[in-house]
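In this chain, numbering begins with 1 at the start of the sequence shown. The basis for the numbers below is simple: all heavy atoms, side chains too, and nothing from hydrogens, waters or symmetry mates.
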Amino acid sequence: MTLEGKRVLVTGGSRGIGAAIVAALVRDGAGVALHFGKSRAAAESVAEALYGAPVLLEANLAERGAGLTLVERAKEALGGLDAVVNNAGIFAPAPPTAPWADWTRVWQETLQVNLVAAADITRAALPTFQRQHRGTFVYIASRAAFRGDAPEFLAYAASKGGMVALSKSVARGYGRDGVVAMAVAPGFVATEMAQQVADEKGTAAVVADIPLGEMAQPADVAAAVAFLLSDAARHLNGATLDINGGSYVR
């Protein structure tokens with residue numbers, strides 16, 4: 001499988017799953033624009049490990065409209081665009097008992113970064129994909145989109161459910177234009193985000209309902225994304241791949 005010649009924007013590519021995706025795509029021959037928010041040092045570290053192959057693009061997706069300009073910058077940096085991996089996301093708690101101001105702030109920020117920015121990026125990339133009659137969107141969702149999450153993470157689960165619906169809608173609406181869209185729904189993956197939960201509840205509690213007895217690795221998700229971006233996966237248009245060790249089976 002090769003991604004030689006494909007030009008890909010990866011959002012949230014400086015750490016965790018995003019960094020693993022960037023590495024996998026570069027190694028498979030793709031030209032990659034690595035988006036990062038605040039983690040410039042982490043983004044530079046990823047690029048250095050890959051001999052400077054990915055282009056680094058900074059943007060705060062919590063700001064309205066940031067996704068629109070990010071796509072234009074990626075196209076300019078890469079000389080065009082063939083695919084987008086919408087991976088950027090935040091995982092912030094907001095229990096229903098929290099003060100109203102805190103509850104509202106977390107909901108607004110979570111939906112903006114996890115869902116609205118992904119929708120804006122989709123809208124911005126679509127005309128290019130339609131014009132060249134070729135383009136792929138991959139959305140990094142979560143098993144929470146299907147099985148839900150804890151009460152303090154209602155906003156996160158809702159945003160990921162919206163992302164899955166977005167991917168299916170794009171697949172159905174634009175397949176005739178040569179545009180395909182898929183989602184990946186990981187369970188717990190061994191990243192800093194998952195470690196926050198493990199530190200709070202204990203690793204044993206985190207993996208207790210995973211039949212394989214361990215969290216997935218970022219490379220597991222990255223391998224699935226690389227496959228979805230290949231020409232071999234076009235007829236998975238509209239599909240969602242579950243990577244959760246059997247902790248939620250649909």
Inter-residue atom distance [X].[atom1] - [Y].[atom2], 0.5 Å rounding:
X: Thr110; Y: Arg105; atom1: OG1; atom2: CZ; answer: 9.0 Å
X: Glu76; Y: Thr69; atom1: CD; atom2: OG1; answer: 11.5 Å
X: Glu58; Y: Leu34; atom1: CD; atom2: CG; answer: 11.5 Å

Aromatic rings Phe129 and Phe137: how do their planes relate, parallel, tilted or perpendicular, breaks at 30° and 60°? tilted
Whether [Y] and [X] form a salt bridge (side-chain N of Lys/Arg under 4.0 Å from carboxylate O of Asp/Glu) is what I want to check.
X: Asp209; Y: Arg147; answer: yes
X: Asp242; Y: Arg143; answer: no
X: Lys6; Y: Asp231; answer: yes
X: Glu72; Y: Lys75; answer: yes

Ignoring hydrogens and geometry, is there a side-chain-to-backbone donor-acceptor pair from [X] to [Y] under 3.5 Å?
X: Thr122; Y: Ala118; answer: yes
X: His35; Y: Leu9; answer: no
X: Thr11; Y: Ala88; answer: yes
X: Ser159; Y: Tyr156; answer: yes
X: Gln112; Y: Leu61; answer: yes
X: Asn114; Y: Ile90; answer: yes
X: Asn237; Y: Ala171; answer: yes
X: Arg7; Y: Gly79; answer: yes

Taking every non-hydrogen atom, the tightest pair across [X] and [Y]:
X: Ala125; Y: Val84; result: CB-CG2, 4.2 Å
X: Leu56; Y: Ala43; result: CD2-O, 3.8 Å
X: Ile243; Y: Ala224; result: CD1-CB, 3.7 Å
X: Ala92; Y: Val106; result: O-CG1, 3.6 Å
X: Gly16; Y: Pro218; result: O-CB, 3.9 Å
X: Gly13; Y: Val22; result: O-CG2, 3.9 Å

Hydrophobic clustering (ILVMFWY, side-chain heavy atoms < 4.5 Å, transitive) - are [Y] and [X] grouped together?
X: Leu78; Y: Val10; value: no
X: Tyr139; Y: Leu70; value: yes
X: Val113; Y: Ile121; value: no
X: Leu228; Y: Val170; value: no
X: Met163; Y: Tyr174; value: yes

Please name all residues satisfying side chain to side chain contact (heavy atoms under 4.5 Å, CB included) with Asp120, sequence neighbours left out, ordered by chain then number. Leu68, Val116
Pro96: what forms a side chain to side chain contact (heavy atoms under 4.5 Å, CB included) with it, not counting sequence neighbours? Trp103, Pro151, Leu154
Is the number of heavy atoms from other residues, nucleotides or ligands within 6.0 Å of CZ (Arg176) greater than 12?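 Incorrect, the count does not exceed 12.
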Would you say Gln132 has more than 12 foreign heavy atoms packed within less than 6.0 Å of its CD? yes
Heavy atoms, side chains only, cut-off 4.5 Å: are [X] and [Y] in contact?
X: Asp220; Y: Val189; answer: no
X: Thr191; Y: Arg15; answer: no
X: Asp149; Y: Lys160; answer: no
X: Val85; Y: Leu229; answer: yes

Evaluate the side-chain contact (heavy atoms from CB on, under 4.5 Å) criterion for residues Asn244 and Phe146: first the C-alpha distance (whole Å), next the side-chain angles of each, then the deciding distance (0.1 Å), finally the verdict. CA-CA 12 Å; Asn244 61 49; Phe146 301 100; over 6 Å; no
Checking Val225 against Ile140 for the side-chain contact (heavy atoms from CB on, under 4.5 Å) test, could you report, in this order, the C-alpha distance in whole Å, the side-chain angles of both residues, the deciding distance, and whether it holds? CA-CA 9 Å; Val225 172; Ile140 307 302; 3.8 Å; yes
Derivation of the side-chain contact (heavy atoms from CB on, under 4.5 Å) call for Met182 and Leu241: CA-CA 8 Å; Met182 304 87 154; Leu241 300 187; over 6 Å; no
Could you go through Val207 and Phe188, starting from their C-alpha distance and side-chain angles, then the distance that decides it, and tell me whether this counts as side-chain contact (heavy atoms from CB on, under 4.5 Å)? CA-CA 8 Å; Val207 302; Phe188 276 115; over 6 Å; no
